[in-house]
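Throughout, a chain's letter reflects where its sequence line sits, starting with A, and its residues are numbered from 1. Just so it is clear, the values below take in all heavy atoms, side chains as well, and ignore hydrogens, waters and symmetry mates.
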2 protein chains.
Amino acid sequence: MPIIEEESFDPEINPKAAIAVDVVIFSVVDEELKVLLIQRDFWPFHGDWTLLGGYASPKETLEETAKRELFSQTGIENVYLEQCHVMSDPGRDSRTRVVSISFMAVINSQDYQVPYLGEKARLGWFGYKELPPLMFDHAQIIQAAYIQLRQRLKYSNIAWRLLSKEFTLTELQQVYEIISGKKLDKRNFRKKVLVVGMVIPTKKRQHNVSHRPAELFRFKK
Amino acid sequence: MPIIEEESFDPEINPKAAIAVDVVIFSVVDEELKVLLIQRDFWPFHGDWTLLGGYASPKETLEETAKRELFSQTGIENVYLEQCHVMSDPGRDSRTRVVSISFMAVINSQDYQVPYLGEKARLGWFGYKELPPLMFDHAQIIQAAYIQLRQRLKYSNIAWRLLSKEFTLTELQQVYEIISGKKLDKRNFRKKVLVVGMVIPTKKRQHNVSHRPAELFRFKK
DNA sequence: TGAATAGTGTCTTTCAGACAATATGCC
DNA sequence: GGCATATTGTCTGAAAGACACTATTCA
């Protein structure tokens, strides 16, 4: 009988669990905050819309899992992912114990037009407030990711990921208004982003607009 | 041959993983921010100090796992836990794939004196800046939890969990100074917590102090 | 010249930070 | 009275918020 016990890992008491990764991709499309969903073409829940994602493989971190699944399902790559909430209710998937780790990303939807996305699978952008019925706890996952996105908007530079390299201050303001859900004063907004040095002018202007063209800006650094 | 494929969950490609829960308990002890660690009395890493925690059981959420392990290892209960970072490096535990979900909590160390804690196991408070060598990625986990704690201190009421029901404003200020690592101006601090209505006076005063006794306050709501 | 959007400045209020003298209870 | 800590207010500068008119391009 050993003096030193072995660690109390008993596969009967602590069985392993399946690890799912769910990815919430946000973008601003048609002046609305939208979430990218995929339509399942396999059993169960065939035909339902669901978050992107998949199951973890043993030789990769979960961030890598998320990127791999995201690329294979949509062609989207080089995104910045952030961990969100872990879902672990034992009944969340009735088939077996599945722990879900969710990730959040924002992309510029211009870079990934629907035709291109459409090559890969049946994908669709859904307004954050007009989501279809979602399986499991995916609605909660999106909710938690949205809260995190709003935090990031306040305290970080994340907005640049939603826009093209060059953009007008009005476009930037719209991103802030759409995500925060509040109207902002144009003069105060422009003053602020310029004072904090978040953006710098390019001297270039918009083309092909039927009104006074706006100056284009870039994000700093 | 079915028209509708089955979901691509292949136990060969996506084997299940062990799920570990790690709990970072913070408290202010002797005017220092400290972390509660437990000394392992089993193989491997026998004798090393490590975070509290254990392996997930199938019929509980990971929050419940964390609470159960915390109680069985320390007697601490009724704590508020927050999810922190998920660690999933495939090599983090060389024995098998273990995904760790960490949780963070703050407690009032007065409520759990060392003698009481000592009944349960070899537990110890370690200064956040004087941690012993820790196995796996536990140092990183603590680091991430600390960053989250500082966030919460700024934008939430979490400080009340570190103090007794009634406390002096000097004690509250010390909590803020210790966690943020910055000296604060006494007058500005008191003005602020009173103006924002974070605390309310009780009309009671300290006893048994050899100087002018301070008024005791409570947190609001 | 009309339509559409770009671009711009001042005033007020609020919040953060610097700063030091008096008050009280205990011994 | 001496010691130790509690308690208190003003001034300044920075940032946030309210608010409306002129400028430019195109059709």
With respect to the phosphate group of C:dT8, does any side-chain polar atom (N or O) of A:Lys186 fall under 4.0 Å of OP1 or OP2?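 No, no such contact exists.
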Of all residues at least two apart in sequence or in a different chain, which pass the salt bridge (Lys or Arg N to Asp or Glu O under 4.0 Å) check with [X]?
X	answer
B:Arg187	none
A:Lys186	none
B:Asp137	B:Arg92

Holding to ring pair (Phe, Tyr, Trp, His ring centres under 6.0 Å), I want the full list of residues that pass it with A:Tyr155, two or more places apart in sequence or in another chain.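 With sequence neighbours excluded, A:Tyr155 shows a ring pair (Phe, Tyr, Trp, His ring centres under 6.0 Å) to B:Tyr155, given in chain and number order.
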Which residues in residues 202-221 of chain B have at least one heavy atom lying under 4.0 Å from any atom of DNA chain C?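 The answer is B:Val209, B:Ser210, B:His211, B:Arg212, B:Pro213.
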Table of protein N/O atoms under 3.5 Å from nucleotides 10-12 of chain C N/O atoms:
{"residue": "C:dT10", "atom": "O4", "partner": "A:Lys191", "partner atom": "NZ", "Å": "3.4"}

Could you note down all residue pairs passing side chain to side chain donor-acceptor pair (under 3.5 Å) where residues 168-177 of chain A supplies at least one of them, sequence neighbours left out?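 Every pair satisfying side chain to side chain donor-acceptor pair (under 3.5 Å) with a residue in residues 168-177 of chain A: A:Gln173-A:Glu177.
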Enumerate, atom names and distances included, each donor-acceptor pair closer than 3.5 Å involving a side-chain atom of residues 156-163 of chain B, sequence neighbours excluded.
{"residue": "B:Ser156", "atom": "OG", "partner": "B:Arg152", "partner atom": "O", "Å": "2.7"}
{"residue": "B:Ser156", "atom": "OG", "partner": "B:Ile158", "partner atom": "N", "Å": "3.2"}

Among residues 164-183 of chain A, which residues get a heavy atom nearer than 4.0 Å to DNA chain D?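 Contacting residues: none.
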Is there a side-chain contact (heavy atoms from CB on, under 4.5 Å) between B:Leu123 and B:Leu52 once you walk through the steps? CA-CA 9 Å; B:Leu123 292 160; B:Leu52 302 163; 3.9 Å; yes
Pairs of donor and acceptor atoms involving the side chains of residues 25-36 of chain A, under 3.5 Å and at least two apart or interchain, shall be tabulated with distances.
{"residue": "A:Ser27", "atom": "OG", "partner": "A:Ile107", "partner atom": "O", "Å": "2.7"}
{"residue": "A:Ser27", "atom": "OG", "partner": "A:Ser109", "partner atom": "N", "Å": "3.1"}

Check residues 205-221 of chain A and write down every donor-acceptor pair under 3.5 Å in which the side-chain atom is one partner and the other belongs to a residue at least two apart or another chain.
{"residue": "A:Arg205", "atom": "NH1", "partner": "A:Pro213", "partner atom": "O", "Å": "2.7"}
{"residue": "A:Gln206", "atom": "OE1", "partner": "A:Ala214", "partner atom": "N", "Å": "3.0"}
{"residue": "A:Glu215", "atom": "OE2", "partner": "A:Lys203", "partner atom": "N", "Å": "3.1"}

Nucleotide range of DNA chain D contacted by chain B, 5' to 3', under 4.0 Å to a heavy atom?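 From 5' to 3', the first and last contacting nucleotides are D:dA4 to D:dT10.
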